[in-house]
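Along the sequence shown, residues are numbered consecutively beginning with 1. Atoms considered below: every heavy atom in the structure, side chains included; atoms not considered: hydrogens, waters and symmetry mates. Read the numbers this way: they start at 1 and go in the same order the structure lists the ligands and their atoms.
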Amino acid sequence: MSEVQLETKLIHGSTNEDVEQKTGAINVPIYLSSTFHQEKFDQFGPFDYSRSGNPTRQVLEETIADLEGGVRGLAFASGMAAISSAFMLLSAGDHVLIGRDVYGGTYRFVTEVLKKFKIDHTFVNMTDLDETAQAVQPNTKVVYIETPSNPCLNITDISGVVKIAKDNNCLTFLDNTFMTPLYQKPLELGVDVVLHSATKFLSGHSDIVAGLAVAGNEGLGEKLAFIQNSFGSILGVQDSYQLIQGIKTLGARLKQSSESAEKIALYLDGHPLIERVFYPGLPKHEGHSIHASQAKGSGALLSFRLANKEAAKAFVEQTKLPVFAVSLGGVESILSYPAAMSHAAMPKVEREKRGITDGLLRLSVGLEHVDDLIADLDQALQVANEQIENLVIT
Ligand SMILES: *Cc1c(COP(=O)(O)O)cnc(C)c1O
């Protein structure tokens, strides 16, 4: 389906006539079958064993490939399983060039696991194209991008990095978790493999853990499918169904949450207790114009900085609506404290270099009424302010 808008594809993309002709059921059946009977002795059907392929999972995989404009989609047991499997395209002796502020789990996989297999890496500030180009080594095989990045929403110029990669015969991988294909289509900008933690916005209800990969060409698609089947960290059938259902409402959810996020960013930006707001939709954000040139929306995530840990603690303890948790992309707003949550594994000096100070909080804006969210943040800031003033006085 290519002639309709993405919002329409989200709803109808997974209605695969091949799967459900018998009853006309509008939802994809959950094919709970590990194996498949073969009618003929010497000619096998399209499915033989569910690690290699399952009809429910296949509908999900075709849906994400279609949404990203790629040729092959693959569903994995988690975002990290998708990311790690993509890195298995590499061999010992290869080198990875990777953005400095990627997701903590990606940082851990590259530094602790790939290293054991003799695959080397260099972290660079990918907002700087010169620094990125200079860090390419003769054995660099993959340039790994995450934009906007976590948690400070730094923006990488996708086309700029793709050009550097192509000039050096490297592949590019891009973690598109924060934007989803609704707002950012990396394959159209020349990226080779798009990766997702579908745990987040794609599923949208904080109920499953899932990952997706989409290859931009047949050759890479074949290789990734081979790794998926060999390594075997596939997404289960019931979770595949749940993710298909979640994707259908992505359009309405992300639009609403992004509108609210923008209002909240503006509110926080004008508040005297907030030192800094990180949101690519704010014109003063460093990457604002690059982001606007490569994405259709600013997304539902923002971070903001209070003076210190005490202020952050007092604020979090006073908020009533957002859940205080790791993760993002759910229908409920999620407030998290990167220094002790997503980036706890990082030494303090490394964290602070990346702007992850002890006063930094990240907010994933959900579907509550934005006025209620702002009122809640406002009362929490006020109470936190009073508490901190009392601390200073006593
Ligand atoms: C959560 C997340 C991941 C990891 O995904 P899991 O589903 O938790 O394994 C990777 N990248 C980003 C940007 C994330 O937010």
### Asn150-ligand 1 polar pair, N/O distance under 3.5 Å
no
### Task
Just need the protein heavy atom nearest to atom 4 (C) of ligand 1, so name the residue and atom and give the distance.
Tyr103 CE2, 3.4 Å
### Query
Against heavy atoms of Phe178, which atoms of ligand 1 measure under 4.0 Å?
13 (C), 15 (O)
### Task
Look at atom 9 (O) of ligand 1 and say which protein heavy atom is nearest, naming residue and atom and giving the distance to 0.1 Å.
Met80 N, 2.8 Å
### Task
Enter the distance from Ile334:CD1 to Met341:CE here, rounded to the nearest 0.5 Å.
10.0 Å
### Query
Under 6.0 Å between ring centres, would you say that holds for Tyr31 and Phe36?
no
### ligand 1 contacted by Ala210 (non-hydrogen, < 4.0 Å)
yes
### Task
State, with a plain yes or no, whether a side-chain heavy atom of Gln228 is found less than 4.5 Å away from one of Glu61.
yes
### Message
Any nitrogen or oxygen of Gly79, side chain or backbone, less than 3.5 Å from one on ligand 1?
### Response
yes
### Query
How far is atom 2 (C) of ligand 1 from its nearest protein heavy atom, and which residue and atom is that?
Lys200 NZ, 2.5 Å
#### Entry: Lys118 with Asp94: basic N within carboxylate O range, under 4.0 Å
no
### Query
Are Asp175 and ligand 1 in contact, using a heavy-atom cut-off of under 4.0 Å?
yes
### Summary
Result for ring-ring contact (aromatic ring centres under 6.0 Å, His included) between Phe304 and one of Tyr267, Phe278, Phe315 points to Phe315
### Task
Output the list of atoms in ligand 1 that are nearer than 4.0 Å to some heavy atom of Ile83, sorted by atom number.
10 (C)
### Task
Please step through side-chain hydrogen bond (donor to acceptor under 3.5 Å, both in side chains) for the pair Gln38 and Asp48, ending with a clear verdict.
CA-CA 8 Å; Gln38 305 301 326; Asp48 57 11; 5.9 Å; no
## Note on the structure
If you scan protein heavy atoms around atom 7 (O) of ligand 1, the nearest is Thr199 OG1, 2.6 Å
### Query
Within 45° of the six-membered ring axis of Tyr103 and under 6.0 Å from that ring's centre, is NZ or CZ of Lys200 located there?
yes
### Task
Run the contact test for Leu195 against ligand 1 with a 4.0 Å cut-off on heavy atoms, strictly below, and give the result.
no
### Task
Below 4.0 angstrom from a heavy atom of Ser78, which ligand 1 atoms are there? Numbered from 1 as shown, please.
7 (O), 9 (O)
### Message
I'd like to know if the side chain of His291 pairs up with that of Ser298 as donor and acceptor (distance under 3.5 Å, no hydrogens or angles considered).
### Response
no
